[in-house]
**Student:** 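Sending over a structure as structure tokens; questions will come in a sec.
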Amino acid sequence: MIDGSPDYRDSGLEFSPDFVFGSATASYQIEGAVREDGRGVSIWDTFSHTPGKIVNDDTGDVACDHYHRVESDLDLMAELGLESYRFSIAWPRIQADGTGSPDEKGLAFYGRLVDGLLERGIRPIATLYHWDLPQALEDRGGWTHRDTAYRFADYAQHVGEALGDRVAMWTTLNEPWCSAYLGYGSGVHAPGVTSGRAALTAVHHLNLAHGLGLAALRSSVTRPETEYSATLNIHMIRGAEDADADSQEEAVRRIDALANRAFTGPMLLGAYPQDLLDDTASVTDWQFVRPGDLELIHQPIDVLGVNYYSTVTVKMWDGHSPRSNADGHGASTGSAWPGSENVEFVEQDGPYTAMGWNIAPDGFEQLLVDLHQQFPELPLMITENGAAFDGDEVVDGRVHDPERVDYLRRHFTAAHRAMQRGVVLRGYQVWSLLDNFEWAYGYTKRFGIVHVDYETQERTLKDSARWYRELISTHRIPQ
């Protein structure tokens, strides 16, 4: 056991000098300027403009106006002392319809961003895909259409050629679980499809895009020390205490297969797990997996990105009592769990964030340890971790957010403890740098360590940003 407070509220813990502290954002959530400089329409433009899909019918049309405020936002990052910045590239800004020659204005914007980061001593971490698929590709089938993976590789080639001499780390996909299961299964994310078969087809084509995109990057990037990664929202799954051992074990196994091993299997081991194929046989025959696909997908990466926010607790449904579906992603007519609708997601103990997600730093520590035990040779990086809380208001020029400070303290403590247990963890990107468009929740949820007034676009450091600045400057969790 590691010494420390049982509630993970430690201070004074030191991180090594080479541990990289940064923050993260996503293009559609912050950029705005959706109709400028040749940018095409994305599935999130279409989805957010569909009445009833987003809280308050909010859209990302303006968001944080980062496209026009990139220089001042870069200065803000420097003020915080960020050592890295994880951003995503909007595919429709590079190829309006997802095909053809790249748009020079789009490439120039990201070139200015990368150059600005380097000028300020901040390490650029670029994500190629954070959910904003060109609508023209979705019109042809999106991630259910095999050709989309090949179009992704072409896009990766263009971006690698333009920025590959300067970007420190490339991430192919962000949370393909969300793209596949929330976008094509439950339909709560763009493009809003509700089909189990479509979701599993999208899983494979996203995996294929990862492999093809890696190959395209490696053929176009000229910076020899560049690192390559993918980011997964690995689910920390627990069995419900009120269920018997068999029910717990079966439910955990099924959800682990869908949520985690559907991606780590082909990406890191070169095969889909047989139990996943068996569990979903009534949904699809997996004939969309063609000979040679797994070899294309299974390529070495330098780092695995890990996004963590909460845990889930499961048991097998008895088929009679009301079925709880507290999986953290809201009610829908479709299912994010094709082939496992007989699994019940039970309510978890609090406290909770404003998203209704439980706060569980112990789950974070265990997740990192479990991943390290499964893939001991693969370094990890926290590519997202953070929390939304209500009540973030500017008062006399300050934003007091003690709950977020406490959340970050406890999760940095968990990460530190995991490293003490042997986990190789390269860095930590706090989600998010800015309050932003929070997908289906619109502007009602604030994750940022920097407050954004959406009417004036004024940025104000929250207390969590000040706390984080001290952690970065000292590499020690503040007292």
**Student:** Report the distance from atom CD1 of Ile449 to atom CG of Leu82, rounding to the nearest 0.5 Å.
**Tutor:**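 Interatomic distance, Ile449 CD1 to Leu82 CG, rounded to 0.5 Å: 6.5 Å.
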**Student:** Are the side chain of Glu438 and the backbone N or O of Asn436 linked by a donor-acceptor pair below 3.5 Å?
**Tutor:**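 Absent.
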**Student:** What residues, two or more places apart in sequence or in another chain, satisfy ring-ring contact (aromatic ring centres under 6.0 Å, His included) together with Phe109?
**Tutor:**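 So Phe109 forms a ring-ring contact (aromatic ring centres under 6.0 Å, His included) with Tyr67.
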**Student:** Under a 3.5 Å distance rule, please check whether Arg404 uses its side chain to pair with a backbone N or O of Gly386 as donor and acceptor.
**Tutor:**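 Flag not set: sc Arg404 to bb Gly386 has no pair under 3.5 Å.
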**Student:** Checking Thr50 side chain against Thr46 main chain: does a donor-acceptor pair fall under 3.5 Å?
**Tutor:**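 At least one qualifying donor-acceptor pair exists.
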**Student:** Are the charged groups of Glu227 and Arg123 less than 4.0 angstrom apart, N to O?
**Tutor:**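 Yes, Glu227 and Arg123 are salt-bridged.
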**Student:** For Asp132, enumerate each residue passing the salt bridge (charged side-chain N to carboxylate O under 4.0 Å, His left out) test, keeping only those at least two apart in sequence or located in another chain.
**Tutor:**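 Checked Asp132 against salt bridge (charged side-chain N to carboxylate O under 4.0 Å, His left out); zero matches.
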**Student:** Between the side chain of Asn207 and the main-chain N/O of Ala262, is any donor-acceptor distance below 3.5 Å?
**Tutor:**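 Side chain of Asn207 to backbone of Ala262, a donor-acceptor pair under 3.5 Å: yes, one is there.
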**Student:** Atom CH2 of Trp143 and atom CG of Leu206: how far apart are they, to the nearest 0.5 Å?
**Tutor:**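 The CH2 atom of Trp143 sits 5.0 Å away from the CG atom of Leu206.
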**Student:** Can a donor-acceptor pair be found, under 3.5 Å and without considering hydrogens, that links the side chain of Ser229 to the backbone of Leu304?
**Tutor:**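 No, the answer is negative, given that no donor and acceptor are paired below the 3.5 Å cut-off.
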**Student:** Which pairs pass side chain to side chain donor-acceptor pair (under 3.5 Å) with one or both residues in residues 101-110, sequence neighbours excluded?
**Tutor:**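 Side chain to side chain donor-acceptor pair (under 3.5 Å) check on residues 101-110 returns Glu31-Tyr110.
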**Student:** Are Tyr468 and Phe412 close enough that their ring centers fall under 6.0 Å?
**Tutor:**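 Aromatic pair counts; centres sit under 6.0 Å.
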**Student:** Return the set of residues passing salt bridge (charged side-chain N to carboxylate O under 4.0 Å, His left out) with Arg261 (not counting sequence neighbours), or none when no residue passes.
**Tutor:**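 Partners of Arg261 by the salt bridge (charged side-chain N to carboxylate O under 4.0 Å, His left out) criterion, ordered by chain and then number, come out as Asp256, Asp275.
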**Student:** Do Asp115 and Arg112 sit within salt-bridge range, that is, some charged N less than 4.0 Å from a carboxylate O?
**Tutor:**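 So Asp115 does not pair with Arg112 through a salt bridge.
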**Student:** State yes or no: are the ring centers of Trp177 and Trp131 separated by less than 6.0 Å?
**Tutor:**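 So the answer is no for these two rings.
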**Student:** Side chains of Asn358 and Thr311: donor-acceptor distance under 3.5 Å anywhere?
**Tutor:**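 Thr311 and Asn358 do have a side-chain donor-acceptor pair below 3.5 Å.
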**Student:** Tell me yes or no: between the side chains of Thr144 and Thr201, is some donor less than 3.5 Å from an acceptor?
**Tutor:**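 Side-chain D/A pair, Thr144 to Thr201: absent.
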**Student:** With sequence neighbours left out, what residues match Asp293 under salt bridge (charged side-chain N to carboxylate O under 4.0 Å, His left out)?
**Tutor:**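 Salt bridge (charged side-chain N to carboxylate O under 4.0 Å, His left out) list for Asp293, sorted by chain: Arg146.
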**Student:** One thing to verify: whether Glu71 and Arg120 come together as a salt bridge, which I'm taking to mean a side-chain N less than 4.0 angstrom from a carboxylate O.
**Tutor:**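 Result for this pair is yes, salt bridge flagged.
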**Student:** Describe, in one word, how the ring planes of His329 and His235 are oriented to each other, choosing from parallel (under 30°), tilted (30 to 60°) and perpendicular (over 60°).
**Tutor:**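 Tilted.
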**Student:** Between Glu36 and His68, do the side chains contain an N or O donor and an N or O acceptor separated by less than 3.5 Å?
**Tutor:**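 Yes - a donor-acceptor pair under 3.5 Å links their side chains.
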**Student:** Test of understanding: with salt bridge (charged side-chain N to carboxylate O under 4.0 Å, His left out), list the residues that count as partners of Arg218, not counting sequence neighbours.
**Tutor:**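 Counting only residues at least two positions away or on another chain, Arg218 forms no salt bridge (charged side-chain N to carboxylate O under 4.0 Å, His left out).
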**Student:** To the nearest 0.5 Å, how far apart are CG in Asn385 and OG in Ser23?
**Tutor:**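 The OG atom of Ser23 is 11.0 Å from CG of Asn385, to the nearest 0.5 Å.
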**Student:** Knowing that exactly one of Thr127, Asn307, Thr231 qualifies, which makes a side chain to side chain donor-acceptor pair (under 3.5 Å) with Glu175?
**Tutor:**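 Answer to the side chain to side chain donor-acceptor pair (under 3.5 Å) test with Glu175 among Thr127, Asn307, Thr231: Asn307.
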**Student:** Output the distance between atom NZ (Lys53) and atom NE2 (His189), rounded to the nearest 0.5 Å.
**Tutor:**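 Rounded to the nearest 0.5 Å, the NZ-NE2 separation comes to 12.0 Å.
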**Student:** Establish, yes or no, whether a centroid distance under 6.0 Å links the rings of Tyr129 and Tyr155.
**Tutor:**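 Here the rings of Tyr155 and Tyr129 have centres that are no less than 6.0 Å from each other.
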**Student:** Could you tell me if Trp91 and Gln95 have a donor-acceptor pair between their side chains, going purely by distance under 3.5 Å?
**Tutor:**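 There is such a pair (donor and acceptor under 3.5 Å, judged by atom type) between the side chains of Gln95 and Trp91.
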**Student:** Under 4.0 Å between a Lys/Arg side-chain N and an Asp/Glu carboxylate O for Asp435 and Lys462?
**Tutor:**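 Yes.
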**Student:** Tell me if a side-chain donor or acceptor on Arg223 pairs with a main-chain N or O of Leu163 at a distance below 3.5 Å.
**Tutor:**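 A pair under 3.5 Å: no.
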**Student:** Could you tell me whether a side-chain N or O of Ser432 sits under 3.5 Å from a main-chain N or O of Thr25, the two making a donor and an acceptor?
**Tutor:**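 Such a contact is absent between Ser432 side chain and Thr25 backbone.
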**Student:** For the pair Arg446 (side chain) and Val452 (backbone), establish whether a donor and an acceptor sit closer than 3.5 Å, ignoring hydrogens and angles.
**Tutor:**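 Yes, Arg446 side chain to Val452 backbone: donor-acceptor pair under 3.5 Å.
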**Student:** Measure the NE2-CD distance between His66 and Gln29 for me, rounded to the nearest 0.5 Å.
**Tutor:**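 Those atoms lie 12.5 Å apart.
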**Student:** Quick check: Trp431 with Tyr309 (ring centres under 6.0 Å apart)?
**Tutor:**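 Judged by ring-centre distance (under 6.0 Å), Tyr309 and Trp431 do not meet the cut-off.
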**Student:** Aromatic rings Phe47 and Trp44: how do their planes relate, parallel, tilted or perpendicular, breaks at 30° and 60°?
**Tutor:**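 Ring orientation, 0 to 90° scale: perpendicular.
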**Student:** Please report the closest heavy-atom contact between Gln135 and Ile43, naming both atoms and the distance.
**Tutor:**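 The answer is OE1-CA, 3.4 Å.
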**Student:** Assess, by modelled atom type and distance only, whether the side chains of Asp75 and Ser72 contain a donor and an acceptor separated by less than 3.5 Å.
**Tutor:**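 Asp75 vs Ser72: no donor-acceptor pair found between side chains.
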**Student:** Between Tyr308 and Thr383, is there a donor-acceptor pair closer than 3.5 Å when you use the side chain of the first and the backbone of the second?
**Tutor:**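 It does not hold such a pair.
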**Student:** Would a line drawn from the ring center of Tyr272 to the ring center of His204 be shorter than 6.0 Å?
**Tutor:**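 Yes, the ring of Tyr272 comes within the 6.0 Å limit of the ring of His204, centre to centre.
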